[in-house]
Each structure stands twice: as C-alpha cells, then as structure tokens.
There are 2 protein chains.
Amino acid sequence: MNKAEEDYVKMIYEMAVLTGEPYVKTADLAEQFGYSVQSVNEMIKKLHQKELVDFRPYKGVCLTEGGRREALRMIRAHRLWEVFLSERLGLAWEALHEEAEMLEHATSEAVLERLYDYLGRPAVCNHGNPIPDAEGNIARPASRPLYETHAGDCFRILRVQDYKPLLAYLSQRNIKLHDVLTVHDKDHFGGILTVEHLGLKHAFAKHIAQMVYGEVLSSTRLKK
Amino acid sequence: MNKAEEDYVKMIYEMAVLTGEPYVKTADLAEQFGYSVQSVNEMIKKLHQKELVDFRPYKGVCLTEGGRREALRMIRAHRLWEVFLSERLGLAWEALHEEAEMLEHATSEAVLERLYDYLGRPAVCNHGNPIPDAEGNIARPASRPLYETHAGDCFRILRVQDYKPLLAYLSQRNIKLHDVLTVHDKDHFGGILTVEHLGLKHAFAKHIAQMVYGEVLSSTRLKK
DNA sequence: CCTGTAATTAAGGTATGCCTTAAAACTAGA
DNA sequence: TCTAGTTTTAAGGCATACCTTAATTACAGG
Ligand SMILES: [Mn+2]
Ligand SMILES: [Mn+2]
Ligand SMILES: [Mn+2]
Ligand SMILES: [Mn+2]
C-alpha cells in the first residue's frame with residue numbers, strides 16, 4: 001500500500017466508526033477528502049482489486065478483513081506518533097494531527113512495535129482516541145457527548161474530535177483532556193451550554209459541545 | 001520540495017562530500033539511484049528551475065546555497081532519526097538507514113528542532129556521520145580510513161560507511177562505533193589487514209578497511 | 001410503474017517521475 | 001585536427017492519482 005491507499009482505508013474505517021454504518025458512501029468519501037467523486041470511484045476500484053474493500057454499488061464501500069487490518073495499522077501509527085509528538089517532543093495539541101498524518105506513512109511494522117513499547121503501550125492518543133494493539137484489538141471510544149449533559153452534571157472530558165479549530169478553541173481556554181467541567185446551564189432552544197472550568201465560565205455552542213465526549217461523574221439534578 | 005527532490009539534493013550533497021568535488025556528474029547520480037541518465041537529466045532541469053542546483057553541461061551539478069540548505073535539512077532529519085531509532089527504540093545498526101530514509105521526508109521543521117533537543121543535540125549519528133545544527137553548520141567527518149594504518153597502531157572507529165552489508169558484517173563480529181582495534185599486520189600485496197578486537201583476531205579485506213574511519217590513538221611502530 | 005435524483009461509469013486530460021530509443025552536441029585523446 | 005566516446009537533448013511511453021464533462025444506470029417516492 002502506498003500513501004494514497006493508506007489514507008483511503010484509514011478514512012473508510014474512521015467514517016464507518018463515526019456513522020456506525022460499516023458501508024461508507026462514495027460521495028461522503030469524496031466530500032471528506034475534497035476529491036471528485038470520480039477520483040474516489042477510481043480508487044475504490046483499485047482497492048477492490050487488492051481485496052481491501054467490498055464495494056456494493058449504490059450502497060458504498062466496506063473494509064474487508066484485510067482492509068480493516070491495514071486501516072488499524074495506520075490508525076495505530078497515527079495515534080502512537082501523536083502520543084510521541086505530544087508527550088516526548090511537547091508539540092501543541094492542535095499540531096499533532098498533521099505531523100502524524102505524514103509520519104504514519106513512513107513507519108515500518110518494526111518501528112511501530114518498538115514505539116508502542118517505548119511509549120508505555122498507551123491506550124489512547126492525546127485526543128482520547130483508542131490505540132489498537134498489535135493484534136488489531138481496539139477499545140470503544142468514549143461516546144457520550146458533552147452536549148447530552150444537563151445542568152448540574154460534572155463531566156470529565158475523555159475524547160475530543162481531532163479537528164484543528166476545535167483543539168485550538170479548547171487549548172486557548174486551557175481546557176485539556178481529562179479536565180472536569182461543571183454544567184451550569186443548558187439552553188435547549190439557543191443550543192448554548194454553559195460550563196465552569198477552573199473557576200471560569202465558558203459558553204459552548206451546540207456544534208462545539210457535540211465534538212467533546214466523556215463521562216458524567218456525578219449530578220446534582222433530580223433523576224426523573 | 002517533495003520526496004524525489006529531497007532525495008536528489010541529499011544525494012548530490014553526499015556524493016560531493018564523498019568525492020571532494022562540488023560538481024557531481026549526471027551519470028554518477030544515475031548510477032547511485034539506479035535510474036536512467038535521462039530521468040536524472042529531467043530532474044536536474046527541474047531542480048535548476050527551482051534554483052536548487054547549478055548545472056554545467058559536461059561538468060555536472062552543484063548545489064546552490066538554497067540547495068545546500070535543503071540538503072543539510074534532509075541530512076539532519078535522516079541522522080537525527082537514526083539516533084532516535086537506535087538510542088530510544090533499540091533498532092539494529094543495519095536497520096537504521098532505511099527507516100530514516102522514509103522518516104526524513106515526513107518531518108517538519110518544528111518536529112526536527114524538538115527532536116534535536118529531545119535527543120540531547122547529538123553531534124553524530126550512529127554511523128559517526130556529523131549532524132548539522134539548525135543553522136546548517138556541520139563538522140567534518142572522520143576521514144582517516146582504517147586501511148591507512150600500520151602494524152602496531154591502535155585505532156578507534158569513529159565512522160563507518162552507512163552501507164548495510166558492512167554494518168551487518170561488523171555487528172556480526174561485535175564491532176561497534178568507538179571500539180578500538182589493534183592492527184597486527186598489514187599485507188600490502190594481498191590487501192588484508194589483520195586486527196585484534198576484544199581478544200579476537202579479524203582479517204579485513206581492503207574494501208572493508210576502506211569503509212571504516214577513525215583515529216590512530218598510539219603506535220608501537222617506529223616513526224621513519 | 002414511472003420518473004427525478006443520485007450514483008456509477010465512460011472518456012479524455014493534467015502533473016509527476018520514471019522509462020527506452022535515438023539524435024545531436026561536445027570533449028578529449030591520438 | 002579529427003574522431004571516438006561521453007554527455008546531453010529530443011521524442012514518445014507508462015503508472016499513479018488526481019481532474020472535468022458527459023452519458024448511463026439504479027433506487028425510491030409519488
Ligand atoms: Mn489525528
Ligand atoms: Mn496520512
Ligand atoms: Mn543513513
Ligand atoms: Mn529518503
């Protein structure tokens with residue numbers, strides 16, 4: 001597999017996880033990559049020939065077992081490099097992804113395994129995304145969005161979408177992974193969630209609060 | 001610069017260092033890369049347009065100041081990754097080069113600088129090749145070949161050619177950088193150099209002893 | 001069941017970096 | 001000085017991964 005193919009199987013895997021649907025639409029892939037639908041179709045044909053994907057016309061593509069294995073290898077490399085870049089080199093949160101996006105294609109199996117041990121076999125990357133082990137086992141990512149909390153909830157951030165503007169937005173406010181937020185108010189109509197963090201209040205728009213995931217630790221609200 | 005261009009300027013730099021001649025012949029580049037002369041000519045034309053090289057027909061190519069800077073950046077990345085892979089991940093001597101050959105193209109300026117500090121600003125890679133600093137200053141490599149020693153000399157290995165079969169050959173004999181060899185005998189006609197290392201004797205053919213560089217520590221031989 | 005929309009396929013194009021074969025230009029040795 | 005051999009340039013090709021435009025095919029709602 002070359003860089004292009006690697007990025008395709010990774011993207012297919014990630015979009016399937018995001019939507020919960022194993023089949024990913026050609027048009028959605030094109031949209032995500034910023035490529036034309038025709039280009040995506042051509043690549044799908046090639047991936048199919050290599051038995052990395054199953055293509056059902058008018059339904060989408062789905063990774064084969066081999067494709068899934070390759071996708072997990074790329075995700076593993078990507079996330080391990082993110083840990084390295086953050087923990088060891090001290091790169092900023094929002095810089096990790098694009099560096100890892102290059103390094104992931106330049107990493108042999110041997111380097112990957114040693115890097116994994118060197119970093120202490122981390123379970124998640126710095127955005128809270130789970131890191132597959134060498135056998136391709138991967139934990140479920142934290143899936144409860146901050147937006148689904150209620151006034152009074154205490155919420156620990158366990159995962160954030162690896163989306164640069166979001167990361168810049170959060171780090172500008174000194175909010176990091178594992179931080180705890182107290183939900184003050186949720187304005188359903190306006191879609192604004194007001195939280196407290198280290199004594200400061202922040203108002204998050206719905207689309208922001210939907211990209212932050214974690215767990216509710218405790219709640220002062222009355223259970224219905 | 002893309003991967004191909006990066007490998008070209010690096011190669012031009014390295015061949016110029018090796019030969020001592022600033023101008024590198026098209027045919028020699030083709031030979032080293034295993035490409036056709038025509039392909040090399042095409043790339044030279046492009047590098048010239050980008051003002052990375054000066055091309056003198058029938059003489060060869062020479063890096064411009066900009067080309068030299070880019071070459072040193074690649075060499076810096078390559079050798080720093082070799083240090084990382086060796087010192088931190090414990091990769092075998094002979095595996096370093098090909099891994100670094102990929103990683104060097106996936107490394108931003110920011111990562112490079114942090115990696116440099118993280119590794120303690122090393123002066124040389126694991127083959128003894130000097131690592132340029134961020135400003136492009138680079139030390140002269142050790143240049144005295146083991147083959148130019150005489151019976152009785154004590155010789156410390158400071159640099160070896162980054163050539164896989166040589167590295168495998170040496171590490172199989174437990175010979176590493178900074179080890180000291182005692183020259184027992186030099187057979188000029190046969191070209192065999194006999195040395196002692198950790199109590200064991202080794203016979204090195206001329207072409208081997210010419211790829212190992214270092215310093216003579218002391219000598220029992222009579223000065224003429 | 002039929003038709004509009006969405007998805008797929010077809011056809012032809014671009015840039016990159018490699019290739020081969022062949023002509024032209026130059027250099028250097030005799 | 002002339003010519004043989006080296007070097008460069010020209011011409012045309014191939015694979016990859018992207019593109020646009022234009023059929024064609026299939027699904028799904030009315
Ligand atoms: Mn990422
Ligand atoms: Mn990538
Ligand atoms: Mn090397
Ligand atoms: Mn390289």
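In what follows, chains are A, B, ... by sequence order, proteins preceding strands, each numbered from 1.
- For the side chain to side chain donor-acceptor pair (under 3.5 Å) test with B/H78, the passing option among B/H97, B/E99, B/H105, B/E14 is B/H97; the others fail.
- Comparing D/dC18, D/dT7, C/dT16 by their nearest atom to the side chain of B/A27 picks out D/dT7.
- Sorted by residue number, the members of residues 57-64 of chain A with any non-hydrogen atom under 4.0 Å from DNA chain C read A/P57, A/Y58.
- Ring-centre distance between B/F84 and A/F84: below the 6.0 Å cut-off.
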Side chains of residues 65-73 of chain A: which donor-acceptor partners sit under 3.5 Å, not counting sequence neighbours?
from  : atom 1 : to    : atom 2 : distance (Å)
A/E70 : OE1    : A/R73 : NH2    : 3.0

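- Contacts between residues 29-40 of chain A and DNA chain C, defined by a heavy-atom separation under 4.0 Å, are made by A/V37, A/Q38.
- Side chain of B/M43, nearest nucleotide from C/dC18, C/dA7, D/dT8: C/dC18.
- A/Y35 pairs by the ring pair (Phe, Tyr, Trp, His ring centres under 6.0 Å) definition with A/F33, not counting sequence neighbours.
- Rounded to a whole Å, the CD atom of A/Q49 is 13 Å from the P atom of D/dA15.
- Electrostatic pairing of A/E5 and A/K50 counts as a salt bridge here, judged by a charged N lying under 4.0 Å from a carboxylate O.
- Considering only the side chain of B/E42, C/dC19 comes nearest among C/dC19, D/dC18, D/dT16.
- The NE2-P distance, from A/H48 to C/dT9, rounds to 11 Å in whole Å.
- One can place CG of B/N41 at 17 Å from P of C/dA24, the figure rounded to the nearest angstrom.
- At whole-Å resolution of the value, NZ in B/K25 and C1' in C/dC26 are 12 Å apart.
- Protein atom CD of B/E5 is 9 Å distant from nucleotide atom P of C/dT16, rounded to whole Å.
- Applying the side-chain contact (heavy atoms from CB on, under 4.5 Å) test to B/A209 and every residue at least two apart in sequence or in another chain returns B/L146, B/Y147, B/L193, B/F204.
- The distance from atom NZ of B/K45 to atom P of D/dT8 is 12 Å, rounded to the nearest whole Å.
- The backbone N or O of A/L52 lies less than 3.5 Å from a partner atom in the side chain of A/T64, making a donor-acceptor pair.
- One can place CG of B/D7 at 9 Å from P of C/dC18, the figure rounded to the nearest angstrom.
- Checked by atom type and distance alone, the side chain of A/R144 never pairs as donor or acceptor with a backbone atom of A/E215 at under 3.5 Å.
- At a threshold of 4.0 Å, the pair A/R114-A/D117 does not count as salt-bridged, since none of the basic side-chain nitrogens sits closer than that to a carboxylate oxygen.
- Using a cutoff of 4.0 Å between basic side-chain nitrogens and carboxylate oxygens, A/R76 and A/E104 are not scored as salt-bridged.
- Not a single donor-acceptor pair under 3.5 Å links the side chain of B/W93 to the backbone N or O of B/S171.
- Atom OH in A/Y23 sits about 17 Å away from atom P in C/dA7, given to the nearest Å.
- Applying a 4.0 Å cut-off to non-hydrogen atoms, none of the residues of residues 8-20 of chain A approaches DNA chain C.
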